[in-house]
Amino acid sequence: MSSSTRSTRTASRGGGGGSAWVTGGTMFAGVLMLMEGSISILSGIAAIAEDDVYRRVGDYVFKFNLTTWGWIHLILGILVAVTGWGILQGAAWARAVGVALAALVAVLQFMWLPYQPIWAVVSIALAVFVIWALTSDHGRGSDPDRRSAH
């Protein structure tokens, strides 16, 4: 196969070789948001129901009671899960909301570090990936073939 035929096929698919990675990253971001939201909902319920599930932290700058943290995680988890579902469905609103919620999750997980340090660091890394994936897939909403498929 000649190189001109290969480049024509690549151009007809909607861009360079990285576009499949970016589109896959966006779908993976939706799945990650669903999972992050579900885990956050469970963390919130655990913090609301039993304050002794998480270890007590001494003097820390962000002095919220664990029940308050539980409600924050519960509400944010619901929003993140719904947004993740919207991303998987291809909803136009979900991408911008997903970026905003991922940024909020990163900040709140930083504040949650004393309670669950390992999970908070993993969650911050996942939020950064979600932000990258949702902001780098520019062609997804403008491709007429994709819109007709949904």
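Quick caveat, the model's predicted, so the values are computed rather than measured. Sequence positions, counted from 1, serve as the residue numbers for this chain.
Here the closest heavy-atom approach between residue A127 and residue V105 is recorded as CB-CG1, 4.4 Å. For the pair L101 and L79, the tightest heavy-atom approach, listed with the atom from each and the gap, is CD1-O, 3.6 Å. In terms of heavy-atom proximity, T26 sits nearest to A133 at OG1-O, 3.3 Å. Closest non-hydrogen pair, A102 versus V130, comes out as CB-CG1, 3.9 Å.
Residues meeting the side-chain contact (heavy atoms from CB on, under 4.5 Å) test with I41, sequence neighbours left out: I45, L74, I78. Scanning for side-chain contact (heavy atoms from CB on, under 4.5 Å) contacts around L34 gives A81, W85, L88, with sequence neighbours left out. In this view, A91 and W93, A94 satisfy the side-chain contact (heavy atoms from CB on, under 4.5 Å) rule, not counting sequence neighbours. Take T83 and apply the side-chain hydrogen bond (donor to acceptor under 3.5 Å, both in side chains) test, not counting sequence neighbours, and it matches no residue. F28 is linked by a ring pair (Phe, Tyr, Trp, His ring centres under 6.0 Å) to F129, counting only residues two or more places apart in sequence or in another chain.
Sorted by first and then second residue, the pairs that involve residues 33-42 and meet side-chain hydrogen bond (donor to acceptor under 3.5 Å, both in side chains), not counting sequence neighbours, are E36-S123, S40-H73.
In the hydrophobic clustering of ILVMFWY residues, with side-chain heavy atoms under 4.5 Å counting as a link, I75 and L108 come out together. By the criterion of side-chain heavy atoms lying less than 4.5 angstrom apart, applied directly or through intervening Ile, Leu, Val, Met, Phe, Trp or Tyr residues, V31 is grouped together with M27 in one hydrophobic cluster. Following chains of ILVMFWY side-chain contacts shorter than 4.5 Å, one can reach W69 starting from V122, so the two form part of one hydrophobic cluster.
Here L76 contributes atom CG and L104 contributes atom CG; the two are 5.0 Å apart, rounded to the nearest 0.5 Å. Taking CD1 of I39 as the start and CH2 of W119 as the end, the distance is 4.0 Å to the nearest 0.5 Å. To the nearest 0.5 Å, atom CD1 of residue I118 and atom CG of residue L113 are 11.0 Å apart. Rounding to the nearest 0.5 angstrom, the gap separating the CE atom in M33 from the CG atom in L126 is 11.5 Å.
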